[in-house]
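Computed over heavy atoms, backbone and side chain alike; hydrogens, waters and symmetry mates excluded. Below, chain A is the first sequence line, B the second, and so on; all start at residue 1.
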Amino acid sequence: MYNLPSDWIQLIDFLEKWNGLSARGRRLFLNFKKECSKSKTSKPDHRFAELVDAGFLIQNSKKTPEIREDLKPYADTLSVMEKIPLFDGKADKNLLSVYLDAHFRYSHKRALETGLNCNYGGFGTDILVRELANPGRLDDFLETRSYSDWERRYSKCEIEFFDTEEIFGMTQTLVRHCLEKQNPLHVGRICKLFPDKETVKISKAVSAGVYYALLFLALRTSDLESRAGVWPSIFQRARRSKPVKPRQATPETVFSRSVLMEDMTHAAVQACLEPLRIKLDGNGIYQRDLKQLEPGLVQVPPWVNDLFDCSASGRLEKAVQFLRLFNLIEYKGSPGKNRRIETSDDGRRWLDLSETQRVIFILERMRRHNERNVAFEDVDHSERSFDYLNPYPPMRSIGLDKNLRRWIADAFKNIPLDTFYKIDTFLYHEKLQNNPLLKIAGPDDLIQVYVKNSLIPPDEEDLENIWETLIYQFLGSSLAYTGAASVSALKDGSLAFALTDLSRYLLNPEKARRPVEDKTPSVLIQPDFEIIFLSPSPGAERRIGRFAERIGYHIGAMFKITKASIFQAAGAGVTCETVLNTLDRIAIGPIPANVKGEIIGWFEQFKCVRIESGNQIRCDDRTTTRLILTALGDHFKPVSDCILRIRNTAPKKTITQKLMGIGVFVKTE
Amino acid sequence: MLDVSPPFSIQHTTFNINNLAFNITFGKMATINPSNPLIVQGDYTVLAEVDSPGFTAARNRLVRFAELIKSPEYIHTYRITPLSIWNACASGISKHEIGDALEEYSKYPVPEHVLAQIGDYISRYGRLKILKEEGRLILDAEDRRLAREIENDKTLRKLIDGNISPTRFIVPAVNRGRIKQALIKAGYPAEDMAGYTEGNPLLFTLRSPSLSGAPFELRSYQRQAADSFHAGGSPQGGSGVIVLPCGAGKTIVGISCMEKLQTSTLILTTGTTAVKQWKSELIDKTTLTEDQIGEYTGEKKEIRGATLSTYQIMTYRSKKDPDFKHLSLFEEQNFGLIIYDEVHMLPAPIFQITAGLQARRRLGLTATLVREDNREDDVFALIGPKKMDSPWKELESQGWIACAACCEIRIPLPEDLQVLYAVAERRKKFRIASENPRKIDIVRRLISNHEHHQILVIGLYLEQLRTISEEMNIPVITGKMSQTNRDDLYRRFRAGEIRCMAVSKVANFAIDLPDASVAIQISGTFGSRQEEAQRLGRILRPKPGENQAHFYTLVTKDTIEQDFALNRQLFLCEQGYAYEIRDEGIGSNFGHQFSDWA
């Protein structure tokens, strides 16, 4: 073994003493050990008095504390035990694999693999881990009558750990005790289980249990107390309660928005106004563009965000992913050069739809898309398909596609709308009571399910976890994220969900009712040039954004028409007629007279000049020439009525900006 | 192509995603309700939709803790500021009342951070109290930590005079306003519970009808304003600012407040003409007699139960003597109330002295609380919170002020001035554009088109005004004219003996010319928003008949005057006045067009 010392009598004794320290003392010792491993010097410190008194540290000749020489191997063991927290409810098979790697030698692991087909596809550890986490193995152990029967199973093992039937019986007692008790066993209390046995025997029983991976040693994270127990999932499965049918919950605070639709809308509007630039490697949008988009994202409370499991940039990427999938945006430019995202014609039409229509469009497209494509990465397909059920599936399957989709939909289909249920109760019930995977999967079946990144057939625990994850992800990433489900935080801090009417578009399309659309216009133009959106209207947003400055997002004061924004628009080829027609069409009531007058005036002020070869600009008429000389006379020298020479006092970029400031747009020939 | 449009007309049932949405605030479910009038924005502004059925109820709740910023026709904008919240706290509003009001009337979920910030502001109020004990002012801190913060703050330390316990400080009476102001800046507003000086009694009643025999009764909003200021005589009232449009009768509100308090009053105005107007209103509308009203101006130095003075005289100092010798007037008399007319004009020395007058009741009156020096908050901190702010368009729709048609006429610069303009420096450019000689012709035509109206031609540059005066043969009033002559011209204008008159900026404020219905602005002080509004205000007194006023502003096209004009109009635009813009090129058919406007 790597990190378990050979002298188990000493180890048990050490761990007993360890548990006798205060939690603070234990933490101090481990920190001290970490510091010592970095630096060999440590200053005298009264904080270590407890450790010195307990004999864990000694004062050397310079009065600086150090770990007692004979305790150093145990200190190493403690460090590893601390790093692998088994008894904190998070233990999964990966952690078991880490535990084995940390404590067990290769030869020992090979011994435990006896009888298992661990050479298959390089998944030996996975197979061993599955075997060790299997409750059946523990049952076998407890039912085995003789130690020799047990040890015969592990023929590759060169050592016999159970010397006698007595030791074997003691280990069985220990394992049985650990299975029955609520918490893993305090190491200091192991001896009390066997009051009339010698320490040598007790230590042998413990070490044999550990070597056969029947018992596990770890430090409890909360107080670093050393504990012994069976593999947590075996313990939990042995003691878990019977699932009950989820009951209706009373919502406390509720969140119900189609975050995906709002994010997609936001990204599409922005891509209309200014293309989103793609990184040179073609992977994602430029950070700067993402940062500019982030302030406009809908605020999601943290407890909801946990369910979505998505950062702001992740949400944007997802929105772009969906926009692309539904052809609402298109990629322009050649790879590696000026690659960008622009809203497609379909995208513009989508933005003109009402909020409800936009959500329904997404949900219907999701459903139809999945009817055409495989649901999950299939071992026969090299590319992973996109799936509304879950873009990042925790599993792969052979031949499960359509069934799986139906099963997931079935899990939600018959839930009454607008009724809240606790999510954890629902998931628990689903994984144990309604889990279709348990009914179909098996190593010999034609239809197979695999845990992601592994080709080892899953065990029951895996299938329960996969189903739970699938249902949870579908609820979070598909239903709640699209507004097909509302989420509520309950008084006890847990979460509940309720399906909304929109869920029908995903789950029960035949029952979906088309909405009556509210056609009331909702955009107002104020005499102070502000444009107010009384309700979200991305169609209007993308049109107005071409000639007005953005001052807000979604609703409220969204844009302001300014001289600069009109000049900018005119420079981009927008005409006065377009602006006035757009405002006329979109706004409630007439355009305020002053706003209309100023817009016309600004367009009239707007002029265009061409930069000719060298440092010359050509104006269209004498008025423009005069305007430029009036405003920026220092920078130009007249050559003729319509030609001006740029003085070499300012960079061309500055000149261009200054000209733009007075409404003169510069074209380069 | 998208394939979603046709089926949406099927009318099975009403379905709206909005009805499914909820928000998370104060532990309640808040549905999105599009018929509600408010939109609470993340920048602490609140938009209120005027046409919504719930507008009036929402507005009545909102004004208690948010400040009206602009009020154009359809959407009014309010802002929630620390000061507005603290003023709300001072009048006894709780966090839940604010949260409930926002949630009840909001179309969309109220941003969480807005509610959290309001909660934070509220939690800061009342942790410090100003008390009066044994004739001394005491600043009482809630806990030691807060007391330590005060001790460690350089500005605050200077304003206290030792402590009587670790959490109680002595504040000199003269520093009462300054310490309140400094505490607001430090983010811990003090609850002032020290009360007011009662002042000498001044007993009178309002007349009905007025002395002149004309019917007189307080209008509902005037009564409401006075009640809101007085607050039933409670400590929550007695100091504050009333914002009413020009022509809405702020003087009457001031008189009504005086009548409620029945205490000697000092009234500070912007000029002698305003002093005389106040005096004549007091005599006409109240039982006060001439001998009870004193004038403290350049001409007279009378101090009586109701004393009228001007900001100029209060801040006057001779070249030899650097002290403001008339400022002592504030303390010489035991005034129970000080009225600051056109409070937006409050000069810095008056600010300073006002800071020391916190024991006296204070009333600020204005139509345009827009200060180009951004000291609006100082007005609120030293005079008191905004007690009422009536949107201009609302009073217009009720007929209390005249409807005004605003028009900007753009006139090209003559070619001979274009070169001069091109080479001139910025300030000079503005003047050249303002004095565009082509404006004179437009003025002439406008005057002839409004032959049945009383007209004011308002300008900044005296030379320009004199030219117009000579060319049109109309009198001109400037600051150089003696007060007697000015008064005489105003009187003749009011009597209808003069139909048209040119005035300089002396007539910007507080001049009551009830029958003037047309104002032609030929030049102004750069981009001053309040000057524009005040000038419009000169013609807003309700008119018999059509109750219509016309405001023309003449601007030289394609010059910086046009840019300044845009800024000048901002305040009025925010009140809902939309300027029509007319371009007057050479050879335009002026007569025809102007007839249309008139």
### Query
Between Pro111(B) and Gln299(A), is any pair of side-chain heavy atoms under 4.5 Å apart?
no
### Task
Give a yes or no on whether the backbone of Leu534(A) and the side-chain of Tyr108(B) come within a donor-acceptor separation of less than 3.5 Å.
yes
### Query
Quick check: are there more than 12 heavy atoms from other residues, nucleotides or ligands sitting under 6.0 Å from CZ of Arg79(B)?
no
### Query
Does the pair Lys596(A)/Glu580(B) count as a salt bridge with the N-to-O cut at 4.0 Å?
no
#### Entry: Partner chain A: residue of Gln418(B), Glu408(B), Lys70(B), Glu574(B) with the largest heavy-atom pair count (under 4.5 Å)
Lys70(B)
### Message
If I measure from the heavy atoms of chain A, does Ile75(B) come under 4.5 Å with its side chain, its backbone, both, or neither?
### Response
both
### Query
Considering only heavy atoms, which portion of Phe529(A) lies under 4.5 Å from any heavy atom of chain B: side chain, backbone, both, or neither?
side chain
#### Entry: Structural part of Pro295(A) lying under 4.5 Å from a heavy atom of chain B
neither
### Summary
Ranking Gly601(A), Ala557(A), Pro592(A), Gly552(A) by heavy-atom pairs under 4.5 Å to chain B gives rank one to Ala557(A)
### Task
Salt-bridge test for Arg410(B) and Glu598(A): reply yes if a basic N is under 4.0 Å from a carboxylate O, no otherwise.
yes
### Message
Need one label for Asp43(B): side chain, backbone, both or neither, based on atoms under 4.5 Å from any heavy atom in chain A.
### Response
neither
### Point-to-point distance, once rounded to the nearest 0.5 Å, from CH2 of Trp602(A) to CG of Leu566(B)
5.5 Å
### Query
Side chain, backbone, both or neither: which part of Tyr577(B) has a heavy atom under 4.5 Å from chain A?
backbone
### Task
Keeping to residues at least two apart or across chains, list the salt bridge (charged side-chain N to carboxylate O under 4.0 Å, His left out) pairs with something in residues 549-558 of chain B.
Glu604(A)-Lys557(B), Lys557(B)-Asp583(B)
### Query
Counting only heavy atoms not in Lys658(A), do more than 12 fall under 6.0 Å of its NZ?
no
### Summary
When the 4.5 angstrom heavy-atom criterion is applied to Gln526(A) and chain B, the contacting part is side chain
### Query
Which residues pass the side chain to side chain contact (heavy atoms under 4.5 Å, CB included) test with Ala498(A), sequence neighbours left out?
Phe420(A)
### Task
Report the distance from atom CD of Gln41(B) to atom CD1 of Ile555(A), rounding to the nearest 0.5 Å.
7.0 Å
### Query
Does any heavy atom of chain A fall under 4.5 Å from the side chain of Gln562(B), the backbone, both, or neither of them?
side chain
### Task
Hey, could you give me the CG/CG distance between Asp528(A) and Leu570(B), rounded to the nearest 0.5 Å?
6.5 Å
### Task
Calculate, to the nearest 0.5 Å, the distance between atoms CG and CD1 belonging to Asp51(B) and Ile588(A) respectively.
8.5 Å
### Query
Once you round to the nearest 0.5 Å, how far does CD1 of Ile581(B) lie from CD1 of Ile599(A)?
9.5 Å
### Task
Determine the option with the most heavy-atom pairs under 4.5 angstrom with chain A, choosing from Ala424(B), Gly42(B), Pro72(B).
Pro72(B)
#### Entry: Heavy-atom pair of closest approach, residues Gly576(B) and Pro527(A)
CA-CG, 4.2 Å
### Query
Are more than 12 heavy atoms from other residues, nucleotides or ligands located less than 6.0 Å from atom CD of Glu294(A)?
yes
